[in-house]
Undergrad: 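Below: one structure in C-alpha cells.
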Amino acid sequence: MVCGLVFLASKVNAQSDDECLQQVSIFAEYAKVKNYDAALEPWRSARKNCPSANAAIYSYGERILRELIENSPEDQKDQHIDDLIVLYDQWVKYFPKRKGKSEIGGILGKKAQALMDYEKADPKSLYISFRDAYQKDPDSFTNPKHIYNYFKTLHDLFKQKNPDVTEELLFDVYENLSEKFVTEGENYSKRLDQLIKKEDQEIALSNVEQSNKKAFGSYINAFSVFHSNMDKIIASEASCENLIPFYERNLEENKGDLVWVKRATSRMYGKDCTDSDLFVTLVETMHQLEPSADSAYFLGYLTDQAGNSQEALKYFKEAIALEDDAYKKATILFRLGVKFKKVKSYTSARNYFLQALKNRPSLGRAYLAIADMYASSANNCGDTQFEKRAIYWLAADQARRASRVDPSVKRDADRFIRSFMGRAPSKTDIFTEGMEGKSITFKCWVGRSVTVPSLSK
C-alpha cells in the first residue's frame, strides 16, 4: 500500500473515500514498478470516480498513457494520444500546485510538447500552446526542451512570413528566453557550486548529495545545449548586418527603457558588433540610465578598444566592485581573463580566471582557459625537452578539473585531455630519462610544479 497519500474528497461518503484510497494505492504500486498493464484498470477507476483524490492519478497516469501510446495497435494510438492531452488539462484543473507552488507552466509545457511529438496541432497552434504555458506560469516553465521549442515554433512562423510574427516579437521572445536559459542554468550552477566547495574542502558528500551533483550537472548541460541550439536557429536574423539597423530603428523609442538598452548592448557585444557607433551609444545610454557593473564593464571595453588600457582597467575594477552577485561577478572576471589571455598576459589572465572560480567553482571554462595557457607555454617553460613536454601533465590536470565540475564543457575537456596526454612524455621517455616520481618546477610565469607519473600507472 502507498503510504502518506493525502485524500481530499469532502463531496463523497466514507465508503467512496475508502474505495478511492484502495484504487489509488493499487495502481500506484503497480506503476512504481512499471507494471502498467496491471495499473491500468484501477487507475481508470480512480480517475473517473475521484479525479481530485491525489496527484498520482496524473503523474502516474501520464506514464500509463505514454506506455499505451507506445505499445498499442496503430488504430488505437490516436485515442490514447487524445486522452493524454485531456489528462494534462485535468491535471491543471485538479492539481495546479505542488507543495504550495504552481505547476501550471510545467504541465502545459508537457501538453504542448505532446501536441508537437504526436503531430496533433498546426504550427500556429503549437506556438500558442508553448506561449500560453510560458505566459501563464513562467516560474514552472523550466524544461529546457520546452523553452527551446517555444522559440522554435515562433521562429518557424517567422520564416513562413506569418504576419503576426514581427521582427520585434521574434527578438523580444528571444531575449526573454535567453535570459530564462541563463537564469535556470544559474540556479543549478549555484547549487552545484555548494557541493563542489564541500569536495574542495575534502568533505565527503552524502549519497543524496552525490545524486544531486549528478542531476545538477545534467540540468546545467541541458540548458547549455538547448540555449546554444536556440542561438543557432536565429543566427541569420541576429547577425550584425541585421541587428544594427534593427536597434537603430528602435533606439529612439526605447532609449529610456533600461531593460531594452541592456539587452541590445549585450546582444551587440555577444555578436561582436562592437565596432559600430550604435554600440558606443548604447553603452553610454546604459550607463546614464543606471551605472552598474555591466555598464562599467562595457565602458572599460570601449576604452580598451580605443587604446587606453590603464583607464580601461579602472572601469573593469569598478565593474567587479559594483557586482554583488557571485555568479555575475565570475562572468566579469572570466571576461577579463579572456581579455588578458588574448594579449598573452598569462599571469594576469590566470589571476582573473582563479578569481572567477572562487566566485563560481563550477565555471569549467576557466579551467580550460588555464589549461590552454599552460599548453601554449610549453616551449618557454623548462630547460630540457622532457621538462618542456612535462607541462602538458599540468595542462591535462586543469582540463580534468573542468570536466569534473562542469558537464557543459566535458566534451571539450576530454578532447583537451587526450591531446595534452598525447604530447606529454611517454612511459618510455620517463624510463629513459630516469624521471619517475620526480618533481618538476616550472620557473616561467607558470610557477607551478608537477610530479612525473609512476611507470606502474
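FYI, side chains are in, hydrogens and waters are out, and symmetry mates aren't considered; it's all heavy atoms of this structure.
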Undergrad: Applying the salt bridge (Lys or Arg N to Asp or Glu O under 4.0 Å) criterion to E62, which one of K110, K111, R47 satisfies it?
TA: K110
Undergrad: Would K159 and E237 pass as an ion pair if we require N to O under 4.0 Å?
TA: yes
Undergrad: Between the side chains of E209 and K213, is the shortest nitrogen-to-carboxylate-oxygen separation below 4.0 Å, so that they form an ion pair?
TA: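 Answer for the salt bridge query: no.
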Undergrad: Any carboxylate oxygen within less than 4.0 angstrom of a Lys/Arg side-chain nitrogen, looking at K180 and D139?
TA: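 Between D139 and K180 there is no salt bridge, as every charged N stays at least 4.0 Å from the carboxylate O atoms.
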Undergrad: Identify whether the distance between the nearest side-chain nitrogen and carboxylate oxygen of E103 and K97 falls below 4.0 Å.
TA: no
Undergrad: With the threshold set at 4.0 Å, does a side-chain nitrogen-carboxylate oxygen contact exist between D324 and K329?
TA: no
Undergrad: Tell me whether D412 is salt-bridged to R418, with the criterion being a basic N under 4.0 Å from an acidic carboxylate O.
TA: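 Salt bridge flag = no for R418 with D412.
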Undergrad: Under a 4.0 Å N-O cut-off, is there an ion pair linking D193 with K197?
TA: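 A salt bridge is absent here (no side-chain N lies under 4.0 Å from a carboxylate O).
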Undergrad: Kindly say whether Q355 contributes a backbone atom to a donor-acceptor pair with the side chain of N359 at under 3.5 angstrom?
TA: yes
Undergrad: Judged by modelled atom types alone, do S419 and R415 share a side-chain donor-acceptor pair under 3.5 Å?
TA: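 No donor-acceptor contact under 3.5 Å links the two side chains.
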Undergrad: Do R365 and D406 sit within salt-bridge range, that is, some charged N less than 4.0 Å from a carboxylate O?
TA: no
Undergrad: Please determine whether a side-chain nitrogen of the Lys or Arg among D397 and R401 lies less than 4.0 Å from a carboxylate oxygen of the Asp or Glu.
TA: yes
Undergrad: F226 versus I147: any side-chain heavy-atom pair under 4.5 Å?
TA: no
